[in-house]
Amino acid sequence: MSEEYILQMTDITKRFPGVLALDHVSLRVKAGEVHALLGENGAGKSTLMKILAGAYVKDEGEIEVFSRKIELGDPKAAENLGISIIYQELNLIPTLTVAENIFLGRYKMSNRIQVGWKKVYEEAETLLKDLEVDVKGTDYIRDLGIAQQQMVEVAKALSMNAKIIIMDEPTAPLTARETKNLFRIVKKLKESGVSIIYISHRLEEVLEMCDRATVMRDGCTIQELNIADVTMDEIIRLMVGRELKDKYPRIEKEIGEELFRVDNLCAGSKVQNVSFSVRKGEVLCVGGLVGAGRTETVRAIFGLDVKTDGRVFIEGRECAIKNPKDAIRAGIGYVTEDRKGEGLILKLGVDENITLAALDGFLKGIHLNLGKEKNTVKEYVKKLNVKTPSIYQKVENLSGGNQQKVVLAKWLLSECKVLILDEPTRGIDVGAKIEVYNLINELAREGKAILVITSEIPELLGICDRVVVMARGRMSGSLSREEADQESIMTLAVGAEERGKQK
Amino acid sequence: MKIKAKEKKGTSYVGILIALLILCIVLSITSGSFLTASNLLNVSQQISTNFLIAIGMTFIILLGGIDLSVGSIIAVTGLMMGLMMKSWNMPVLVSLLLGVVFASVIGLVTGLLITGFDLPPFIATLGMMSIARGAAYTITEGQPIYTFPEGFLAITGRYGGIPIVTILIMAVMFAIAAYVLKYTKYGRYIYAIGGNKNCAKLSGIHVKKIECIAYVISGFCCGVAAIVLTSRLDSAVPTNADGAELDAIAAVVIGGTSMNGGEGTLAGTIIGTLIIGIVANGLNLLNVPQGAQRMVKGGIIVLAVIVDVLRRKRSQKA
């Protein structure tokens with residue numbers, strides 16, 4: 001019976017001070033299967049995986065690998081058992097090369113004291129070639145994009161000859177093509193008998209890729225299921241414990257006149273002659289591949305990068321934006337894709353983060369009115385349904401979805417007219433995603449102009465009023481909501497690039 | 001809610017406050033002369049310089065920076081004020097004001113070097129440390145200045161046994177700094193920049209301006225410290241406040257402020273100053289030799305940081 005399972009975790013319990021993180025959770029993974037671990041943020045997936053990877057120690061329960069009972073205490077022990085984890089937050093050293101990172105701590109020695117660098121680089125090249133990624137072993141990590149870095153992480157796991165590979169949201173930062181490439185690799189691994197534990201919030205991928213799944217909720221195992229037997233709606237229902245009527249809610253709203261216009265924007269090689277406009281109450285989505293210049297475009301608009309040419313208009317008036325302060329004054333808010341790196345100050349409280357861009361509103365002379373600040377923060381926490389034990393809680397202790405709501409609250413409080421959101425739902429769970437969509441709708445109805453960059457095409461189609469697509473730093477096309485579908489967007493996003501290559 | 005607020009901002013110094021109390025109790029038992037009014041008043045004067053420098057240093061370290069130049073600024077400022085009062089016969093008050101301005105300008109220059117050329121604060125202030133110390137030796141060709149006017153010595157004079165002006169200066173500086181950190185936009189921005197510079201910039205904060213002003217504040221604190229120190233010693237010598245930067249940094253770190261910036265309190269710094277001062281005082285009373293005293297001080301710094309690291313780890317897992 002049990003030989004069938006390469007891994008069995010039974011009745012795992014883990015307590016943190018004041019919190020029961022895992023309550024008798026069980027997980028069974030067969031050899032050579034792709035097993036999805038599903039659940040909203042905070043369901044306990046990450047904790048369970050950290051126990052499996054040896055980063056946390058369980059309080060109760062049993063773990064069997066290859067039918068042998070084992071105790072996992074440290075990451076090295078897990079590695080030796082053939083368990084490898086690719087965390088959502090990449091664990092690479094920016095100042096070392098790709099090959100140095102892949103084999104870090106496991107360098108092939110040519111003798112007792114000398115590293116066999118030639119061999120290290122050769123093996124790295126082989127691994128990278130198998131992955132079909134455009135990265136060399138000699139590249140420095142700091143020069144790579146986030147997508148490429150992820151592929152290095154994958155290569156690293158492969159280099160360890162892992163029998164069980166845990167992937168935590170591996171496709172979140174990847175483009176459609178890179179995702180396909182990853183899936184190809186996953187299939188190959190699976191055929192060679194490796195088991196993959198796959199954590200993703202993108203259920204489309206789970207349905208496409210995975211054989212079986214375990215659904216978790218609130219620290220408990222809800223159900224183990226065969227993917228072939230279920231629909232996406234059933235999975236969502238199991239995850240959130242309630243029916244989600246519509247993944248992409250729509251509301252009645254009025255789209256008014258032009259509010260925000262960008263004319264002929266140029267910034268470096270990544271942004272060339274970009275022009276577009278957003279109307280009052282409109283949600284304009286920007287599609288395209290990672291690296292198409294979308295983030296660079298909004299960074300230039302917001303005054304973070306230098307504009308070499310181009311003009312920005314809000315309500316018909318030209319705004320000279322040289323730095324973020326000018327942009328905020330002009331009425332632009334910017335939710336960046338890197339929530340922890342740029343969106344939040346993790347060590348500060350919910351209150352201090354929310355009011356950071358709007359402290360002037362609480363000033364009386366030089367005096368900050370902390371009482372007024374507290375009331376305002378409470379109001380926004382309530383309005384956005386931020387789940388936090390207190391408004392003074394450090395934001396690093398909140399879940400991804402709630403962190404994102406804090407970032408949104410910050411920009412709402414700054415009373416922006418134009419809100420730019422870069423990958424606003426990356427790494428947050430289904431329930432919180434819907435709350436973000438509702439919020440975007442609500443803001444549009446209030447008359448803001450909203451610009452959303454997203455690499456998830458279903459999401460883009462679900463929330464947009466209009467779509468523009470970028471490819472290689474240029475606008476490659478504009479589509480109405482009716483015209484836009486998976487194919488038309490991909491044609492514009494990839495087409496230009498592919499055609500360019502063929503010529 | 002109130003308790004939560006205290007938890008968030010407060011735990012960082014509750015631990016060392018207890019440590020301070022234990023230290024006082026132990027010293028009261030082991031040394032009969034520790035818990036006497038005259039000794040405690042002595043301590044308050046002995047810690048006054050470090051107390052004032054550490055206030056400015058707290059701003060700098062909260063920002064994620066460091067200021068190694070403070071001791072040198074005090075020395076050169078003390079000599080400048082000495083020259084003004086003794087050689088140029090300027091009124092005491094004017095000399096002191098100009099001295100504080102002088103120290104603040106040095107801070108401004110450091111700040112501009114750091115923000116204008118993107119120099120690491122460690123390097124910029126290391127350079128300024130040497131420049132200011134060198135200037136201190138140069139301006140009087142190494143000669144000390146002493147026997148200051150009565151009005152100047154009155155600043156650290158005792159009235160009814162109490163160094164009342166010194167204590168007043170310390171109290172006012174602490175109150176202003178604590179107010180700025182908690183109740184002004186500037187104070188909030190200090191925490192924000194120390195916590196995450198990118199996010200601060202994106203939120204429309206003029207990061208460089210805030211950083212630059214912090215070094216001016218540190219310079220200002222040094223100016224005030226120079227007044228108190230020079231008056232207490234009744235002499236300005238180029239070697240004054242040698243190594244003072246290390247005591248100030250130690251006070252801030254013992255006080256629970258993270259060297260990475262963004263986390264910490266001024267109250268913690270003050271307790272840190274007290275711990276350093278009281279340990280030195282206690283060891284003197286117990287006739288512990290200088291060498292052993294230094295070792296104890298070093299041990300306390302390391303121990304305080306170890307405790308802090310463990311505490312942070314625990315709260316992170318929670």
Side-chain angles (χ1 to χ4, degrees), chain A residues 16-19 21 56 299 302-304 323-329 332-336 338-353 355-360 362-370 373-374 378 388-397 407 410-411 414, chain B residues 1-12 61-64 176-210 213 256-265 311-318:
Chain A
F16 292 119
V19 195
Y56 287 161
R299 282 180 65 90
F302 201 67
L304 280 163
N323 54 47
K325 197 172 183 171
D326 293 342
I328 293 166
R329 278 224 186 100
I332 305 177
Y334 176 28
V335 177
T336 60
D338 186 357
R339 188 164 56 236
K340 288 179 181 167
E342 295 179 329
L344 294 165
I345 296 171
L346 295 171
K347 300 281 178 202
L348 291 188
V350 171
D351 54 341
E352 290 149 321
N353 271 286
T355 57
L356 192 59
L359 279 181
D360 286 339
F362 304 101
L363 280 182
K364 201 174 173 189
I366 60 156
H367 185 81
L368 272 182
N369 186 339
L370 298 187
E373 182 187 22
K374 183 170 126 186
K378 276 190 177 160
T388 170
S390 130
I391 62 166
Y392 307 113
Q393 181 74 34
K394 285 185 186 178
V395 291
E396 67 181 346
N397 296 327
V407 180
K410 175 167 93 178
W411 293 115
S414 79
Chain B
M1 275 310 208
K2 275 245 162 85
I3 297 163
K4 281 275 176 195
K6 273 191 182 158
E7 260 177 31
K8 182 182 153 239
K9 301 254 152 98
T11 43
S12 59
I61 293 182
L62 278 175
L63 263 179
I176 294 174
Y179 176 83
V180 168
L181 279 180
K182 178 150 189 183
Y183 287 103
T184 69
K185 198 164 81 166
Y186 181 77
R188 186 68 63 83
Y189 285 176
I190 292 262
Y191 281 98
I193 293 169
N196 184 345
K197 221 182 232 191
N198 288 332
C199 177
K201 195 174 170 199
L202 248 151
S203 304
I205 298 173
H206 203 315
V207 173
K208 293 192 166 177
K209 193 168 103 190
I210 304 289
I213 292 172
T257 297
S258 159
M259 288 295 282
N260 297 323
E263 276 183 297
T265 58
R311 189 183 55 81
R312 271 176 223 276
K313 260 192 193 156
R314 215 179 43 202
S315 74
Q316 220 159 46
K317 275 192 183 163

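Just so it is clear: chains get the letters A, B, ... in the order the sequence lines come, proteins before strands, and each one is counted from 1.
- Highest contact tally toward chain B, considering only A:R329, A:K325, A:K410, is held by A:K325 [criterion: heavy-atom pairs under 4.5 Å].
- For chain B, the nearby part of A:F302 is the side chain; its heavy atoms alone come within less than 4.5 Å.
- Side chains of A:L359 and A:E373 form a contact here, defined as non-hydrogen atoms less than 4.5 Å apart.
- When side chains are defined from C-beta on, B:K201 counts as touching B:V207, because their heavy atoms get closer than 4.5 Å.
- Across A:P389 and A:Q393, no two heavy atoms sit closer than the pair CG-OE1, 3.2 Å.
- For chain A, the nearby part of B:Y179 is the side chain; its heavy atoms alone come within less than 4.5 Å.
- With a 4.5 Å cut-off on side-chain heavy atoms, A:T355 and B:R188 count as touching.
- Judged as a side chain to side chain donor-acceptor pair (under 3.5 Å), and not counting sequence neighbours, the contacts of A:D360 are B:K185.
- Proximity to chain A is absent for every atom of B:K197, based on heavy atoms less than 4.5 angstrom apart.
- Between chain A and the options B:S258, B:A200, B:A192, the largest number of non-hydrogen pairs under 4.5 Å is found for B:A192.
- For A:I366, the parts lying near chain B are the backbone and the side chain together; criterion is any non-hydrogen pair under 4.5 Å.
- With a 4.5 Å cut-off on non-hydrogen atoms, A:L356 touches chain B through its backbone and its side chain both.
- Centroid-to-centroid, the aromatic rings of B:Y189 and B:H206 stay 6.0 Å apart or farther.
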